[in-house]
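See structure below.
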2 protein chains.
Amino acid sequence: MIDVRRLRLLRELDSRGTIAATAQALHLTPSAVSQQLAALAKETGVRLLDPAGRRVRLTPAAQVLLEHADILFAQLERAEADLAAFDEGRVGSVAVAAFTTAISGIVAPALLALRESRPRLRLSVTDVPEPACFDQVLGGELDLAIGITHAGARPLDSRLLRIPLLDDPLEVALPVGHPYASASVVPLEALRADEFIVSRPGTACREVAHAACAAAGFVPQVRHNADDFVAILTLIAAGCGVSLVPRLAGLSSTDQVVLRPIAGSVPIRPIFAAVRRGSHQAPHLSAVLAALVAAARSPSPYDAPASVRGGEAWAVHSG
Amino acid sequence: MIDVRRLRLLRELDSRGTIAATAQALHLTPSAVSQQLAALAKETGVRLLDPAGRRVRLTPAAQVLLEHADILFAQLERAEADLAAFDEGRVGSVAVAAFTTAISGIVAPALLALRESRPRLRLSVTDVPEPACFDQVLGGELDLAIGITHAGARPLDSRLLRIPLLDDPLEVALPVGHPYASASVVPLEALRADEFIVSRPGTACREVAHAACAAAGFVPQVRHNADDFVAILTLIAAGCGVSLVPRLAGLSSTDQVVLRPIAGSVPIRPIFAAVRRGSHQAPHLSAVLAALVAAARSPSPYDAPASVRGGEAWAVHSG
DNA sequence: ATCGATCATGTAGTCCAGCTTAACGGTTCA
DNA sequence: TGAACCGTTAAGCTGGACTACATGATCGAT
């Protein structure tokens, strides 16, 4: 294998002209330079120097080697520069896990902002469900996971750090024919007699909905279970019940379903990011965290193409 | 400066997972690996390893470093491959000097052939006059010079090797009104009384012309001196005399000037290549030499666009 | 033509980077 | 809980890399 250190001697010899000058420039004796260059010639298997009078001339093979050496030196400098850039959070790669609405509402806008401010910071996003993603962060497969605080959740591992991102308010989704469909705000207690469509048992959305109803003083009558908001809206439009949907989902009222704010103390989905304790100070991760926090605070979420937005997509399905 | 040897340890650690496995793979003790990686972390100024249970995990900074390391390793392998390729004359760069007609008649076709057979062999051609070019070959600025053997020439330096390329035959150039203009071959003695247009004193062409006339038994009456063949043909067309032109110049008869072969023993320009003695065995130079010899032997010289060929160019000037 | 200066390269000796051995603290798994 | 494993550290040793010096060759100036 070629010794890069010896390539440096060759480069210096090419620009200085003599071994003596090379040695002086590198604070060595000419003998050392001569020996090292002889070793380089031996390990590459080609002659590198030709005697020319009382000095030496680089052989054509040495010229070929030098061209590659310059590329190598440049690459080494780039590596050092990138380590410095990493210290400032400008380069690196971060693997993020998030649930669907967090991807479109928080991660995507953050990713857009980072692409502007730190183009060489690579973000990879994966849709990993909530209990597993934290294990993957601990295992090092992921660097950051976005989750929801709720009663049924396993407490966060002590080696993970919780960083609050957003308290996502819930709204009620009612069919147009519902008595409260035209109210500006809806008290949750008014839905005490309605049938509810909520997520499958064990999911964060279901826990949050149950907690909100409990706070309003009743236990919701669950009739249907659906995780996907498009499916939920379809069921509501079909008159199968009402639901609580997070504002982050980016849904909007249609001609068959209306979304209304909740009166009084508004129930929320507390959304947070989890990282390995200590790793949040790493420059690349702290840069991503800052972008996520900023995106969560930003009033207008990522404006996806209309066809993929929940409301319109549902309208297509129902039409 | 980053030590490439240590980067290898990091790469191995990344793929093997543990320091112990890395050490075993590289026939070292875990202690040595640990020490070298610690040294790498110190010289780069970043932490590279995080303890993870009883093993270690690469930090994000180490991942950044690894990406560069892989590029470096690939570049090193490319360098070794190119040294091997150099041994076969497939890569390298050769600086060639030649006079004008040799460039178009020999070097250009050789360059075309080499571009096909050895695309990574870089040839640079320079138009350097005859006495100086040999000094530049000796000095190492050039690798090969093409010259003409003639009486007035300084004998070739003993450190240079002469490789014959081509015995370029001369032809007579006559105005259409000349008595021999319609002869199929022209005996040189028949031009004893004509006035001659030849190159400037000291040039190879003039020496060759004088030697040819001397062999025919007369001393040419020189009236005009011109080096450029287009200028010579213009003068002939204007009725200012006759000339001897080399076939390699690629000239052809026009409606005002005819070219005719010389009867009897045809005078020639002996064209040769000169390289530093010993260097002709170097693979890159021997490849170029072989291409030059082949191009010189090839019956059809490089077929340049018509507008730059001597004959047509002259026709344009005279029209 | 000669002498001194300069240069590359051997040889012998010295020194330190990098290795090994041994010991230790921490973690995992039975 | 103990045994096995892992990574790190300390101490000592070895070989590679450097220096000092000598040699042979070349160049430039006198």
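Lettering of chains follows the sequences in order, A, B, ..., and the numbering in each one begins at 1. Only a predicted model underlies this, so the values are computations on that prediction, with no experimental measurement involved.
- Remark: B:Arg11 fails to qualify as a cation-pi partner of B:Phe73 under the 6.0 Å distance and 45° angle criteria applied to the six-membered ring.
- Between B:Phe86 and B:His284, the ring planes lie tilted relative to each other; the angle falls in the 30° to 60° range.
- For the pair A:Arg55 and C:dT9, the criterion of a side-chain N or O lying under 4.0 Å from OP1 or OP2 is not met.
- Following rounding to the nearest Å, A:Asp3 (CG) and C:dA17 (C1') show an atom-to-atom distance of 13 Å.
- Remark: B:Arg118 does not engage B:Glu88 in a salt bridge, criterion side-chain N to carboxylate O under 4.0 Å.
- Using a 4.0 Å heavy-atom distance criterion, A:Arg6 is classed as a sugar-phosphate-only contact.
- B:Leu9 has its CG atom 11 Å from the C1' atom of C:dG18, to the nearest Å.
- A salt bridge links A:Asp227 and A:Arg200; the closest N-O separation between the charged side-chain nitrogens and carboxylate oxygens is under 4.0 Å.
- Of all the heavy atoms in A:Thr29 and A:Ala23, the pair that sits closest is C-CB, 3.5 Å.
- If you check D:dC5, C:dC7, D:dA17 against the side chain of B:Arg54, the one that comes closest is D:dC5.
- Shown for residues 26-50 of chain A: residues whose heavy atoms fall under 4.0 angstrom of DNA chain C, namely A:Pro30, A:Ser31, A:Ser34, A:Gln35.
- Straight-line distance from the CZ atom of A:Arg16 to the C1' atom of C:dA8: 18 Å, rounded to whole Å.
- In summary, A:Arg90 and A:Asp82 do not engage in a salt bridge, as defined by a charged side-chain N under 4.0 Å from a carboxylate O.
- Put simply, B:Arg5 has no side-chain N or O that comes within less than 4.0 Å of OP1 or OP2 on C:dA17.
- We find that CD1 of B:Ile19 is positioned 17 Å from P of C:dG26, with the value rounded to whole Å.
- Put simply, CD on A:Gln24 is 11 Å from P on C:dT6, counting in whole angstrom units.
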